[in-house]
Amino acid sequence: MIVWDVDKGVFRRANTSDYREALYILLQLIEPGYVTSYGDLAKLLGVNPRFIGYLLKTNDKPIVIPCHRVVRSNGDLGGYSLGGKEFKKKLLMLEGVVFSGERVSRDCLKSLYSLLAR
DNA sequence: ATTTGCTCAGCTC
DNA sequence: GAGCTGAGCAAAT
């Protein structure tokens with residue numbers, strides 16, 4: 001990802017903060033009751049899926065980042081540093097996400113592309 | 001359901 | 001610099 005550096009007036013490679021910023025904006029787009037995957041976000045930002053996990057794991061700037069709405073592409077929960085998977089599952093169920101066993105139902109996995117193409 | 005190979009930014013030395 | 005580690009993925013088995 002390339003960004004415009006306002007201060008220096010040049011284009012430069014995105015740094016971690018830039019990715020974080022972009023990631024958080026994208027997270028805002030996910031409606032309660034739906035989830036997206038690490039890979040989906042990764043494609044959008046042009047980074048490795050594992051990097052998304054890294055971003056979410058490390059910087060939890062405010063506590064109010066909906067990182068619980070990000071799961072694995074196969075429906076598995078993935079991780080959650082605050083309270084573990086169980087807590088993550090509870091949060092999602094509270095928002096109306098449907099589970100089949102320990103996995104998120106396919107219907108609740110929303111592609112961010114469809115949200116952006118409106 | 002499980003294994004396999006790929007990936008790449010950040011961290012540690 | 002070199003090597004290791006992931007809140008992952010997709011394809012093959």
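Proteins come first, then strands; the chains are lettered A, B, ... in the order of their sequence lines, and each starts at number 1.
Residue A:Y19 qualifies as enclosed at atom OH: its count of foreign heavy atoms under 6.0 Å is above 12. Sparse packing is recorded around CZ of A:F87, with 12 or fewer heavy atoms of other residues, nucleotides or ligands lying under 6.0 Å away.
Listed pair A:S81 / C:dA7 fails the phosphate criterion, with no side-chain N or O lying under 4.0 Å from OP1 or OP2.
Rounded to a whole Å, the CD1 atom of A:I52 is 13 Å from the C1' atom of C:dC9. Whole-Å rounding puts the A:N48 CG to C:dC9 C1' distance at 9 Å. The distance from atom CZ of A:R72 to atom P of C:dG6 is 13 Å, rounded to the nearest whole Å. For the pair A:L41 CG and C:dA7 C1', the computed distance is 12 Å after rounding to whole Å. Rounded to whole Å, the distance from CG on A:L92 to P on C:dA7 is 18 Å. Per the geometry, CD1 belonging to A:I65 stands 14 Å off C1' belonging to C:dA7, to the nearest Å. In this structure, A:L56 places its CG atom 12 Å from C1' of C:dG8, rounding to the nearest Å. Atom CG of A:L82 and atom P of C:dA7 are 13 Å apart (whole Å).
Salt bridge absent: A:D7 and A:R12 never bring a charged side-chain N and a carboxylate O closer than 4.0 Å. Using a 4.0 Å cut-off between charged nitrogen and carboxylate oxygen, A:E31 and A:R69 do not count as a salt-bridge pair.
With rounding to the nearest 0.5 Å, the separation of CG in A:L92 from NE2 in A:H68 is 5.5 Å. Distance CG/A:L29 to NZ/A:K110: 11.5 Å, rounded to 0.5 Å.
Using a 4.0 Å cutoff to heavy atoms of chain A, the contacted part of DNA chain B runs 5' to 3' from B:dT7 to B:dC11.
Taking atom P in both C:dA7 and B:dG5, one finds a spacing of 22 Å when rounded to whole Å.
A side-chain N or O of A:T58 and one of A:R20 form a donor-acceptor pair less than 3.5 Å apart.
Residues A:L56 and A:L27 approach most closely at CD2-CD1, 4.0 Å, considering heavy atoms.
Within the cation-pi definition used here (under 6.0 Å to the ring centroid, within 45° of the axis), A:K85 does not qualify as a partner of A:Y80.
Between the base of C:dA7 and the side chain of A:Y38 there is a donor-acceptor pair shorter than 3.5 Å.
The strand DNA chain C forms stems, runs of 3 or more Watson-Crick or G-U wobble pairs with distances below 3.5 Å, at B:1-6 with C:8-13, B:8-13 with C:1-6.
If you check every strand for non-hydrogen atoms under 4.0 Å, A:R50 touches a base.
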